[in-house]
Amino acid sequence: MTEETIPRLFGTNGIRGVPNEDLTPEFAMEIGMAIGTFVKDKVAISMDNRLSGPMLLNAVKSGILATGCDVINIGILPTPGAQYYCKSRNIFGVMITASHNPPRFNGIKCIDPDGTELARRKEVEIEKIHFKRDFHIASWEFIGRETSDNSAFDLYTNAIISRVDRKKIQDKKFRVAFDAGNGAAYLTTPEILTRLKCNLTTLNANPDGLFTSRPSEPKPENLKKLVALMKTGDFDIGIAHDGDADRVVFIDETGNFIDGDTTLTLFSKVFLKRGDVVVTPVSSSNAIDIVAKANGAKVVRTKVGAPIVSRAMIENNAFIGGEENGGFIYGKHQYCRDGAMAVALMLELMAREEKPVSEIIASVPRFYIIRESVKYNGNWNAVMDQIRNKLKNWTFDLTDGIKAIRDDDWVLVRPSGTEPIIRIFGQSESMERAFDLADDIKSMIQSE
Ligand code: MG
């Protein structure tokens with residue numbers, strides 16, 4: 001097998017699959033052996049609360065132990081909780097999670113000792129070891145040892161509380177509705193909210209690997225119960241994570257959904273000072289550019305993907321970054337998406353502004369982004385040429401796929417890395433215009 005023919009296992013967020021179909025315990029054990037062979041050191045292991053978590057965690061663990069590496073089991077945690085542990089202890093980590101995917105999925109994700117998602121070049125090394133079956137198998141007396149450490153929960157929740165003005169938030173006694181969606185933050189986020197003296201009402205705060213309460217992607221259509229609760233007028237803010245709680249969305253006190261793009265814009269507006277840098281992919285809205293410019297700060301645009309944003313934040317010494325899907329990264333805490341960190345910052349901001357959330361949000365510019373996808377098997381270069389011809393007087397940005405820009409309108413068109421699909425984003429000041437922009441390109445590709 002030559003270097004070029006090594007198949008790819010890790011996607012943008014680890015290895016995903018359906019347990020006992022493509023993600024079998026045998027496969028997971030071999031991935032563990034490849035990880036142990038690569039790391040040659042202690043590995044922290046954690047999982048979210050998916051049904052197949054224990055099966056996969058134990059298989060990966062067994063593989064790691066076989067290579068002679070010790071394993072520290074840190075228990076069920078949100079992904080950013082496991083990442084914070086790795087960073088604090090300077091230790092490699094493995095997280096068993098499928099984030100926001102439907103309950104039948106699960107995944108294996110590696111964490112660098114600095115707490116960030118593993119760099120692609122290191123994943124390639126692990127893939128090579130796996131496919132060449134180049135495992136280091138320890139003789140019996142050198143097999144790894146397992147310990148467990150339950151300190152990650154306090155380490156993580158204490159760290160988040162320490163990053164905000166605790167007193168200021170506590171004085172407000174905010175009335176908060178939190179929909180845990182049966183996910184991994186069912187204990188951590190309530191702990192943080194309680195210690196910040198919020199008057200807390202929880203929904204679905206029981207761990208349930210079948211996600212019986214709601215799908216784990218925090219989209220408006222999945223958060224109807226929370227929205228209904230907010231509409232009673234009894235709460236200052238509503239909060240919902242995805243399954244592994246690296247993302248968060250908010251609902252204002254009147255029941256309006258606040259998407260990740262708006263949250264990132266708001267945080268940029270409030271926290272960025274002259275000379276600061278905010279990092280975000282080409283897929284988030286121009287609102288971030290407007291508020292950054294007003295503060296004298298700079299925007300660095302990257303390809304789509306949270307690990308890419310994290311790396312660019314480190315390179316540019318940026319402490320704010322994130323994605324339009326609710327993935328917010330606060331570099332003063334850690335360089336990875338962290339839902340609960342964004343919650344604490346939002347509460348601090350509410351305490352500082354002394355206004356209802358809807359009024360705070362009304363102060364930030366907003367654009368509409370419509371997302372579409374279309375099946376496509378043809379030649380990507382031909383699609384690029386068509387777009388260039390169709391949108392003749394627009395300017396083009398090739399950071400990721402092709403982004404055609406004119407004033408405050410843009411269309412971003414990117415081929416998926418894993419499926420025969422082209423993703424289309426349209427942004428404009430009006431929803432109709434954004435929809436038209438995306439739809440025109442979709443029809444053009446479909447009529448090919
Ligand atoms: Mg996630």
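Atoms within a ligand are numbered from 1 in the order they appear, just like the ligands themselves. Counting from 1, the numbers follow the sequence of the chain as shown.
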For the Mg ion (ligand 1), what is the closest N, O or S atom on Asp242? OD2

Asp246: its N/O/S atom lying closest to the Mg ion (ligand 1) (atom name): OD1

Option among Phe319, Phe271, Tyr335, Phe267 that satisfies the ring pair (Phe, Tyr, Trp, His ring centres under 6.0 Å) test with Phe328: Phe267

Asn58 and Lys61: side chain donor to acceptor below 3.5 Å: yes

If you measure from the Lys or Arg side-chain nitrogens to the Asp or Glu carboxylate oxygens, is any gap between Glu127 and Arg120 under 4.0 Å? yes

Any salt bridge between Lys403 and Asp397, counting N to O under 4.0 Å? no

To the nearest 10 degrees, could you say what angle the Mg ion (ligand 1) makes with OG of Ser99 and OD1 of Asp244? 100°

Checking only N/O/S atoms, does Thr79 have one that is under 2.8 Å from the Mg ion (ligand 1)? no

